[in-house]
Amino acid sequence: MKAIVLALLLALSACAAPLPRWQGAEGLDQPHVGQVWVTAEQRWISPQALVKRLATAPHVVVGEQHDNPDHHRLQLWLLQQLQAARPQQSLLLEMLQPAQQAAVAALQGRVLPDDKALQRQLEWQAGWDWAMYGPLVRWGLAVPAQLLAANLDRDSMMALYRAPQPLNERYTADARRQLSDTIEASHCGRIDAQQVQAMLSIQQARDQAMAAALAGAPAPALLLAGNYHARRDLGVPLHWPAQQVPPLVLQLQEVGDAPLPSEQQADYLWLTPATPTRDYCAD
């Protein structure tokens with residue numbers, strides 16, 4: 001009886017926890033900001049209802065916009081609420097590579113040092129803003145059984161850049177076009193066709209590595225990655241082992257002109273405020 005009461009209290013606490021305060025200032029007047037779009041049902045639900053749905057899934061993929069602080073704060077909120085509903089066994093990060101796994105394992109469950117020392121011990125890559133990812137890393141080292149590297153190692157990426165592999169036939173023509181356009185845009189249009197093919201090969205290999213890492217991780221397991229890696233028609237789910245139940249896919253998306261995802265792209269979309277667009281090409 002005590003166990004039942006405790007479970008009910010944990011479930012109630014998860015439902016009662018308020019969302020973090022928004023950091024983004026654009027689109028706050030949009031009526032569905034903070035709500036979750038269910039692609040299969042074509043309706044909005046609350047974040048608390050989302051937690052209940054994800055709590056029963058052995059594998060979850062969460063897509064983010066890397067430079068949106070609200071996305072990282074919501075991810076931490078989600079992990080905390082899922083933990084209250086059932087123990088999280090694995091958290092996997094696109095931001096970690098296999099070479100960092102030994103350092104991660106040495107820190108798992110230990111008293112953690114300050115941020116500078118922790119970054120140094122993890123050999124944290126400066127391209128990932130620690131101010132945004134630090135709280136997630138600390139949570140992953142302290143709460144679940146394992147924090148796991150999900151990305152491809154640098155040497156493998158460089159080998160693929162020099163000798164690209166053909167894309168899998170699983171990609172549709174539209175998926176290939178979207179990935180190519182995105183890669184060109186992210187490189188400010190300053191790469192040629194051969195380089196685009198190399199980057200497509202790396203993108204494919206990264207998604208394959210993340211799919212394998214998530215599928216092999218102790219469940220419940222949750223992967224945090226960029227939105228393109230999370231999409232069912234473009235990313236990790238496309239390479240999921242056929243014999244396993246596919247992961248549930250949640251995308252975090254800013255308010256804007258982008259259409260809501262279809263069922264072929266994601267299961268859920270969590271709408272957030274937008275932050276000012278940064279011109280990385282000008283930078």
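These numbers come from the heavy atoms of this one structure, side chains and all, not from hydrogens, waters or symmetry mates. Keep in mind the model is a prediction, meaning the values are calculated, not measured.
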*Asks:* Would you say that more than 12 heavy atoms from the other residues, nucleotides or ligands in this model lie under 6.0 Å from the CD of Q243, or not?
*Replies:* yes
*Asks:* Please lay out, stage by stage, how V38 and R53 fare under the test side chain to side chain contact (heavy atoms under 4.5 Å, CB included).
*Replies:* CA-CA 11 Å; V38 186; R53 292 179 180 224; 3.7 Å; yes
*Asks:* I'd like to know if the side chain of E94 and the backbone of G226 have a donor-acceptor N/O pair within less than 3.5 Å.
*Replies:* yes
*Asks:* Would you mind reporting whether R110 and L141 have side-chain heavy atoms less than 4.5 Å apart?
*Replies:* no
*Asks:* Given side chains that start at C-beta, do those of V104 and L122 come closer than 4.5 Å, heavy atoms only?
*Replies:* yes
*Asks:* D70 side chain to T272 main-chain N or O, any donor-acceptor pair under 3.5 Å?
*Replies:* no
*Asks:* For D207, is there any backbone N or O sitting under 3.5 Å from a side-chain donor or acceptor partner on H239?
*Replies:* no
*Asks:* Between the side chains of H32 and Q30, does any donor sit under 3.5 Å from an acceptor?
*Replies:* no
*Asks:* Tell me whether V236 is reachable from I183 by hopping between hydrophobic residues (I, L, V, M, F, W, Y) whose side-chain heavy atoms are closer than 4.5 Å.
*Replies:* no
*Asks:* Main chain of L147, side chain of Q101: is a donor-acceptor contact present, judged purely on distance under 3.5 Å?
*Replies:* yes
*Asks:* Any donor-acceptor pair under 3.5 Å linking the side chain of Q100 with the backbone of Q97?
*Replies:* yes
*Asks:* Donor-acceptor check, side chain of S201 to backbone of Q197, threshold 3.5 angstrom: yes or no?
*Replies:* no
*Asks:* Considering only heavy atoms from C-beta outward, does the side chain of L200 approach that of S180 to under 4.5 Å?
*Replies:* yes
*Asks:* Side chains of P220 and V60: closer than 4.5 Å at any heavy-atom pair?
*Replies:* no
*Asks:* Counting distance only, does the side-chain N/O of Q23 pair as donor-acceptor with the main-chain N or O of R21 below 3.5 Å?
*Replies:* yes
*Asks:* Give me the ring orientation class for Y133 and W124: parallel if the planes are under 30° apart, tilted from 30 to 60°, perpendicular past 60°.
*Replies:* tilted
*Asks:* With sequence neighbours excluded, give me every salt bridge (Lys or Arg N to Asp or Glu O under 4.0 Å) pair touching residues 171-196.
*Replies:* D174-R177, R177-D181
*Asks:* Pairs in or reaching into residues 141-151: which pass salt bridge (Lys or Arg N to Asp or Glu O under 4.0 Å), with residues at least two apart or in two chains?
*Replies:* none
*Asks:* Please answer whether the main-chain N or O of N227 pairs with a side-chain N or O of Q251 as donor and acceptor at a distance below 3.5 Å.
*Replies:* yes
*Asks:* Would you check, one step at a time, whether the test side chain to side chain contact (heavy atoms under 4.5 Å, CB included) holds for M199 with Y161?
*Replies:* CA-CA 7 Å; M199 297 303 294; Y161 187 83; 4.1 Å; yes
*Asks:* How close do L91 and W139 get, heavy atom to heavy atom, and via which atoms?
*Replies:* CD2-CE3, 4.1 Å
*Asks:* Measure from the side-chain N and O atoms of H72 to the backbone N and O of H66, and report whether any donor-acceptor pair falls under 3.5 Å.
*Replies:* yes
*Asks:* Without swapping roles, check the side chain of Q42 against the backbone of T39 for a donor-acceptor pair under 3.5 Å.
*Replies:* yes
*Asks:* Below 4.5 Å, heavy atoms only, C-beta onward: do T275 and E254 meet side chain to side chain?
*Replies:* yes
*Asks:* Answer whether the closest heavy-atom distance between the side chains of W130 and L118 falls below 4.5 Å.
*Replies:* yes
*Asks:* Are any non-hydrogen side-chain atoms of L234 and T182 less than 4.5 angstrom apart?
*Replies:* no
*Asks:* Do Q165 and Q204 meet the criterion of a side-chain donor-acceptor pair at a distance under 3.5 Å?
*Replies:* no
*Asks:* Given side chains that start at C-beta, do those of W77 and V51 come closer than 4.5 Å, heavy atoms only?
*Replies:* yes
